[in-house]
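Computed from heavy atoms alone, side chains included, the values below leave out hydrogens, waters and symmetry copies.
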Amino acid sequence: MSKRLNSFIARIDERRIVLIIAVIALVFELLNLRAPSFYGEPYLVAKNIVAGKGYVFAYPITTAFGPTCYVTPLYTYLQVPFLYFGLGERGIQVMNLFFLQAACFVIYRFFRKFTTTGVALLSFAALSFYVPFWILSYTLEPNSLNLLLLVLTVEYAYALSKNPSRRRWIWFGALIGLQLLLRPDIMLGAVLLSVWLLAWSWSKDTVKGIAIAALVSLAVVSPWTLRNYLTFHKFVLVSANAGMNLYEGNNPVATGEFSELPATPESRKNFQDVQEFSKTHDQIEIDHYRLTLAEEWMKAHPSDVLKLDAKKIWYHWFVRPLMGDQYHYTFQRMEVPYKIFGV
């Protein structure tokens, strides 16, 4: 079987097979394309930019509309040309699908180093036709771009462990910087990758390389950091939304999912307090206030925090009881690929 497969691949050519798989997958993704049911914050800010209002946004559940550093800039500005030239949401979705196919190719290229050609091609096909990836790409969120940058970063980290060079360290730092402008949680990933590289080769050259990468990543984000300081007169490396995220996952009505429990007197009071606070403070101060509310609730309810953490882990890796609007694509909307594969 493996000889026949290898003979088939050699006859057609591996690169042609990769291209054929990618094109077929992209066609099916486009056939199934539906209007998005969720408009993420970067999209809303991009619309404000195109409307001539600037980089402004209303901080969630408040009336604090104005200049913002709540939303990271990279994906926001990538959407602006599509909206400006009238390509709209569909154009952004198609961009996401191209990012997805590029990510699948990078994954294929990376694992091609460790496995046979046949297994690598089958894996590439499986990733390209993995429907949940399609769903994530249909949303107006940076999911597929984040995946692409992440797998490129991992690939570069592996290359650095085998054959480090100044050029690769610079590219590694640039990739980290771009991800900081997309989703700042890569900071934890950068630390873990740096520790892994040091564990692989503890040397002055590795330490120097990590320092170069760190400086490059800071150089990439520095224009946005400077913009934040000039706008708010406060230091914000990339974005200020830690309070929002922490509070959403740790509050009196949190469930560990997008949904919430019915309102309680405590949750109503918190809501009113945030509303009042937002009338006299900027978005960074509002986010810090919500961070304080979350921390106070976590200290007062440690057992609830542990239960919620367990639920979040389970929902993230296994089964989610309720997918929020961001992922609200029913199986009926996925009818084309499911009919094709006979599911």
Worksheet entry | Qualifying residues under side chain to side chain contact (heavy atoms under 4.5 Å, CB included), relative to Asp309, sequence neighbours excluded | Val305, Lys312
Discussion item. Restricting to salt bridge (charged side-chain N to carboxylate O under 4.0 Å, His left out), what partner residues turn up for Asp273, sequence neighbours left out?
Written reply: Lys269
Response to the item:
Sorted by chain and number, sequence neighbours left out, salt bridge (charged side-chain N to carboxylate O under 4.0 Å, His left out) with Glu285 holds for Lys234
Worksheet entry | Within 6.0 angstrom of Tyr77 OH, more than 12 heavy atoms from elsewhere | yes
Fill in: Atom CZ of Phe232 with >12 non-hydrogen neighbours under 6.0 angstrom
yes
Worksheet item: Are Tyr55 and Trp224 an aromatic pair by the rule of ring centers under 6.0 Å?
Response: yes
Worksheet item: Taking the six-membered ring where the residue is Trp, are the ring centres of Tyr289 and Tyr247 under 6.0 Å apart?
Response: no
Report all side-chain donor-acceptor pairs from residues 100-110 shorter than 3.5 Å, counting only partners two or more places apart or in another chain.
from: Tyr108; atom 1: OH; to: Glu14; atom 2: OE2; distance (Å): 2.2
from: Arg109; atom 1: NE; to: Glu155; atom 2: OE2; distance (Å): 2.9
from: Arg109; atom 1: NH2; to: Glu155; atom 2: OE1; distance (Å): 2.7
from: Arg109; atom 1: NH2; to: Glu155; atom 2: OE2; distance (Å): 3.4

Discussion item. Pair Tyr70, Phe57 - check ring-ring contact (aromatic ring centres under 6.0 Å, His included), show working.
Written reply: CA-CA 8 Å; Tyr70 177 81; Phe57 182 67; 5.7 Å; yes
Per-pair distances, 0.1 Å, donor-acceptor, side chain in residues 292-299, under 3.5 Å, sequence neighbours excluded:
from: Thr292; atom 1: OG1; to: His288; atom 2: O; distance (Å): 3.1
from: Trp297; atom 1: NE1; to: His301; atom 2: ND1; distance (Å): 3.3

Worksheet item: What orientation do Phe129 and Trp134 show, parallel under 30°, tilted 30 to 60°, or perpendicular over 60°?
Response: tilted
Atom pairs and distances, side-chain donor-acceptor, residues 173-181, under 3.5 Å, sequence neighbours left out:
from: Gln179; atom 1: NE2; to: Thr153; atom 2: OG1; distance (Å): 2.5
from: Gln179; atom 1: NE2; to: Leu175; atom 2: O; distance (Å): 3.4

Worksheet item: Is it true that a side-chain atom of Thr225 and a backbone atom of Val221 form a donor plus acceptor pair closer than 3.5 Å?
Response: yes
